[in-house]
Number of protein chains: 2
Amino acid sequence: MPRVRNHPFAGPLTPPSSMAVTIRDVARASGFSVATVSRVLNGSGPVKPETVRKVRDAATRLRFTPNVAARSLSTSRTHTLGVLLPDLHGEFFSEVIRGIDQTAQSHGYHVLVSSSHNSPAEIAAALATMRGRVDGVAIMSPVSNAEALVADLPRSIPLVLLNCSADVAGVDTLDIDNHGGAYAMTRHLLTLGRRRIAFVRGPKGNADGEARLGGYRAALEDAGVVHDRTLELDGDFQELSGYHAAKHLLSMSPRPDALFAANDSMAIGAISALREAGVRVPEDVAVVGFDDIPIARYILPALSTVRVDIAKLGARAVKVLLHAVGHRNEHTRVRETFATELVVRASCGVEQAVGR
Amino acid sequence: MPRVRNHPFAGPLTPPSSMAVTIRDVARASGFSVATVSRVLNGSGPVKPETVRKVRDAATRLRFTPNVAARSLSTSRTHTLGVLLPDLHGEFFSEVIRGIDQTAQSHGYHVLVSSSHNSPAEIAAALATMRGRVDGVAIMSPVSNAEALVADLPRSIPLVLLNCSADVAGVDTLDIDNHGGAYAMTRHLLTLGRRRIAFVRGPKGNADGEARLGGYRAALEDAGVVHDRTLELDGDFQELSGYHAAKHLLSMSPRPDALFAANDSMAIGAISALREAGVRVPEDVAVVGFDDIPIARYILPALSTVRVDIAKLGARAVKVLLHAVGHRNEHTRVRETFATELVVRASCGVEQAVGR
DNA sequence: CTCCCCCATGTAACCGTTTCCACTATCGCG
DNA sequence: CGCGATAGTGGAAACGGTTACATGGGGGAG
């Protein structure tokens, strides 16, 4: 609502508080022009030290805060980054946000989040509403066919794809080595003598889940173990689905001697079901997970898993985005894969294996 | 950087893509003035249906997206809400964001998050950088003396305090009934015959932790149980501190017969330590927590706890903020307390109690 | 038939910055 | 001493919307 004439208070009084103090007020108070004030406050252009002092003085005295809307209208920079996240589980969610936020903060940027997007269409819609509010967007998509996703995304704004395992030209992508981690864990179980290893999958169409499944299959194949597809059980990354998968496993014969859940939450649900049924973990059935969430080491038996530094992923995403922003999105694209780390605790049956 | 003269493309060609299409382009293409276009697009003012159609047509044909900076410069509304969070644990963090984001999205608002603020000074600083970027801010502060916090916060912008247990005039506040929940749980343990109940505290100065401690003490006092302050152990809401607290508990004599951790994470850490030492839970020591995080029901024994609907708290916060925004922050302030719910599972020893 | 009101639309001021360009004073150099 | 470069500053356009006010035309009341 314009129309309210600019207030011409001149003295060193505090402003009417009803209306914010503008750069013009600072100019008036310091005796210089708005152009000079702007130059001082942004450190652009040449200004006399004496002038700098006076302007700074006036600005702090009047408690001047630049209007961000006006600034970004003029510069078309918002100093804000967007984050698009799927509907994901606790630890993962908070870690990635934390990593992103801390790095963004340290570079003077803000973070606009938008969660619970599960389809490419939702992502595209959310991205559209973010248009003009952000200088760049980090997208974590659960869908495995990220190529389709990226196809109808605008290319004008810097984008970084997190964990989409997409091989798309023209977009920066950061991935977690899901395949390698699952491969290593499966191999570990084989080394310990387990032969019938069941797997609890992630949600249908989830890229992480599928890559982990792929690593599991590859390890079995490389070890020459014939693979039985009925050992691949459905899951959705929630505890309950792990619980159900384990119940189902108990009805199979011959009964598997190990269970690899595509994430820790499901592994915990599975352990719960097994022990409820009087099955010993890891003696009878070894159980392992993926992610290394904090509680993993405190459940009994302590969960063997694959560690993923998700906060680091978020932090790196911000750096990539800021680089893109700095080069007006005309930089050479980045494609990185984050290593995972095998974490051996008790639930995989290392100690039992010695005696075998 | 102004100076680039407005591009005068007239035909139905796609715009140069280097520069975004503005409301003026839509005006030109539809044959009406910018005022009318604005009115159509915002549904303000009277317009002929025929005109609406034509303008809408042109807008979609040109793929017009209003420039948010320009809009908010003019209206001084950003359609964005800020969220200031402390350095908090996984589930809690993600749930509150989820609740806030979903509600905000459904009202056409965006969410700007800023995490890891632990002192009033940090909060004030973060709030300052958010100035002009948001229409309102939800603040969750860990500090127990929220009065001091609010004292030097600007009152011009709508604020809602989450879970600060502050009794401050002029600010909306939403709280969780920590005291009541802890009271109920302690009472429950007493009912089951437990007499020496230890408590693992939250971080120093944490309001939630202190309120829970208060509920615990009150229940003991009301039951006429003499209270031994050495039963109150230090903790910081992390699993490890629960682990250590339990280790310490084992060295006490007479040994407590119950342990109430101020949150679930610490309870899980404690159970881990107890079982490692060969102590039976709940037969020898009952263990209970607070929060009801998802894993609580899947650990063994399933954790008895106090449920808190944290997503609902976030959702409510958004509604309160939007109300304040709608009334230009001149509304009657709200002060609500969210009820908690006792969740009885196995770890408190309900079943054992029958046989006692 | 006249007057008045309201519907539909246009014109232009305004929001608060940034930055281009113009201008002056000072200085180094031939 | 003349001349170009440069430091220091100011004026004003531009960013892209919203909206107060002006304008014109049509219809109902008297």
Side-chain angles (χ1 to χ4, degrees), chain A residues 1-8 15 18-55 58-59 62-79 131-133, chain B residues 1-8 15 18-55 58-59 62-79 131-133:
Chain A
M1 79 297 286
R3 220 43 7 97
V4 210
R5 207 19 281 183
N6 216 332
H7 60 122
S18 64
M19 174 169 261
V21 17
T22 77
I23 197 174
R24 239 170 292 266
D25 299 321
V26 178
R28 215 170 351 243
S30 64
F32 291 93
S33 70
V34 292
T36 300
V37 174
S38 175
R39 275 188 287 257
V40 168
L41 268 25
N42 295 314
S44 57
V47 229
K48 254 204 280 193
E50 170 70 2
T51 309
V52 171
R53 202 187 50 70
K54 284 183 183 164
V55 170
L62 298 182
R63 293 183 206 289
F64 169 65
T65 321
N67 179 311
V68 286
R71 185 185 291 221
S72 68
L73 174 58
S74 191
T75 60
S76 56
R77 282 283 165 84
T78 62
H79 270 80
R131 175 125 183 252
R133 299 178 176 273
Chain B
M1 83 295 282
R3 225 30 21 87
V4 211
R5 208 13 282 176
N6 216 333
H7 60 121
S18 64
M19 173 168 262
V21 17
T22 78
I23 196 175
R24 244 166 285 267
D25 298 321
V26 179
R28 213 168 355 241
S30 64
F32 291 93
S33 71
V34 292
T36 300
V37 174
S38 175
R39 276 188 285 256
V40 168
L41 267 26
N42 294 314
S44 57
V47 230
K48 254 203 281 190
E50 171 70 2
T51 308
V52 171
R53 203 186 50 71
K54 284 182 182 164
V55 170
L62 298 182
R63 293 183 205 287
F64 170 65
T65 320
N67 180 311
V68 286
R71 185 186 293 225
S72 68
L73 173 58
S74 189
T75 61
S76 57
R77 283 283 165 84
T78 62
H79 270 79
R131 174 122 185 256
R133 299 179 177 273

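Each chain gets a letter, A, B and so on, in the order its sequence line appears, and its residues count up from 1.
Using five terminal pairs a side, the axes of the helix from C:dC1-D:dG30 to C:dG30-D:dC1 at its two ends make an angle of 40°, given in steps of 10 degrees.
Each of B:Ala70 and B:Val37 was matched to the nucleotide of DNA chain C holding its nearest heavy atom; the match closer to the 5' end belongs to B:Val37.
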Verdict with reasoning, A:His79 to A:Arg71, per side-chain contact (heavy atoms from CB on, under 4.5 Å): CA-CA 10 Å; A:His79 270 80; A:Arg71 185 185 291 221; over 6 Å; no

Check against side-chain contact (heavy atoms from CB on, under 4.5 Å), B:Thr22 and B:Asp25: CA-CA 5 Å; B:Thr22 78; B:Asp25 298 321; 3.6 Å; yes

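Judged as a side chain to side chain donor-acceptor pair (under 3.5 Å), and not counting sequence neighbours, the contacts of B:Arg131 are A:Thr65. Considering only residues two or more places apart in sequence or on other chains, A:Arg63 meets the salt bridge (charged side-chain N to carboxylate O under 4.0 Å, His left out) condition with none of them. For B:Arg77, the salt bridge (charged side-chain N to carboxylate O under 4.0 Å, His left out) criterion is met by no residue, not counting sequence neighbours. Here B:Ala59 pairs with B:Val26, B:Phe64 under the side-chain contact (heavy atoms from CB on, under 4.5 Å) rule; sequence neighbours left out. Looking at residues two or more places apart in sequence or on another chain, you find no side chain to side chain donor-acceptor pair (under 3.5 Å) involving A:Ser72.
For the pair B:Lys54 NZ and C:dT9 C1', the computed distance is 13 Å after rounding to whole Å. Atom C1' of nucleotide C:dT17 and atom CZ of A:Arg24 are separated by 8 Å, given to the nearest angstrom. If you measure from atom CZ of A:Arg77 to atom C1' of C:dT18, you get 13 Å, rounded to the nearest angstrom. Rounding to whole angstrom units, CG of residue B:Leu41 and C1' of D:dT18 are separated by 12 Å. Distance B:Asn67 CG to D:dG17 P: 5 Å, rounded to the nearest Å. Counting to the nearest Å, the P atom of D:dC15 and the CD1 atom of B:Ile23 are 14 Å from each other. Atom C1' of nucleotide C:dG16 and atom CZ of A:Arg71 are separated by 11 Å, given to the nearest angstrom. In this entry the distance linking CG of A:Leu73 with P of C:dT18 reads 11 Å, nearest Å.
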Restricting both atoms to N or O, compile the protein contacts to nucleotides 8-11 of chain D shorter than 3.5 Å, with distance only.
unit_1 : atom_1 : unit_2  : atom_2 : d
D:dT9  : OP1    : A:Thr51 : OG1    : 2.8
D:dT9  : OP2    : A:Lys48 : N      : 3.0
D:dT9  : OP2    : A:Thr51 : OG1    : 3.1
D:dG10 : OP2    : A:Ser33 : N      : 2.8
D:dG10 : OP2    : A:Ser33 : OG     : 3.0
D:dG10 : OP2    : A:Thr36 : OG1    : 2.8
D:dG10 : N7     : A:Arg39 : NH2    : 3.0
D:dG10 : O6     : A:Arg39 : NH1    : 3.4

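Closest non-hydrogen pair, A:Thr78 versus A:Arg133, comes out as OG1-O, 3.3 Å.
Contact annotation: A:Thr75 side-chain N/O to C:dT18 OP1/OP2 distance is not under 4.0 Å.
Each of C:dT17, C:dC15, D:dT19 was ranked by its minimum atom distance to the side chain of B:Ser74; first place goes to C:dC15.
Within the structure, the side chain to side chain donor-acceptor pair (under 3.5 Å) test picks out the following pairs touching residues 31-41 of chain B (sequence neighbours left out): B:Ser33-B:Thr36, B:Ser38-B:Asn42.
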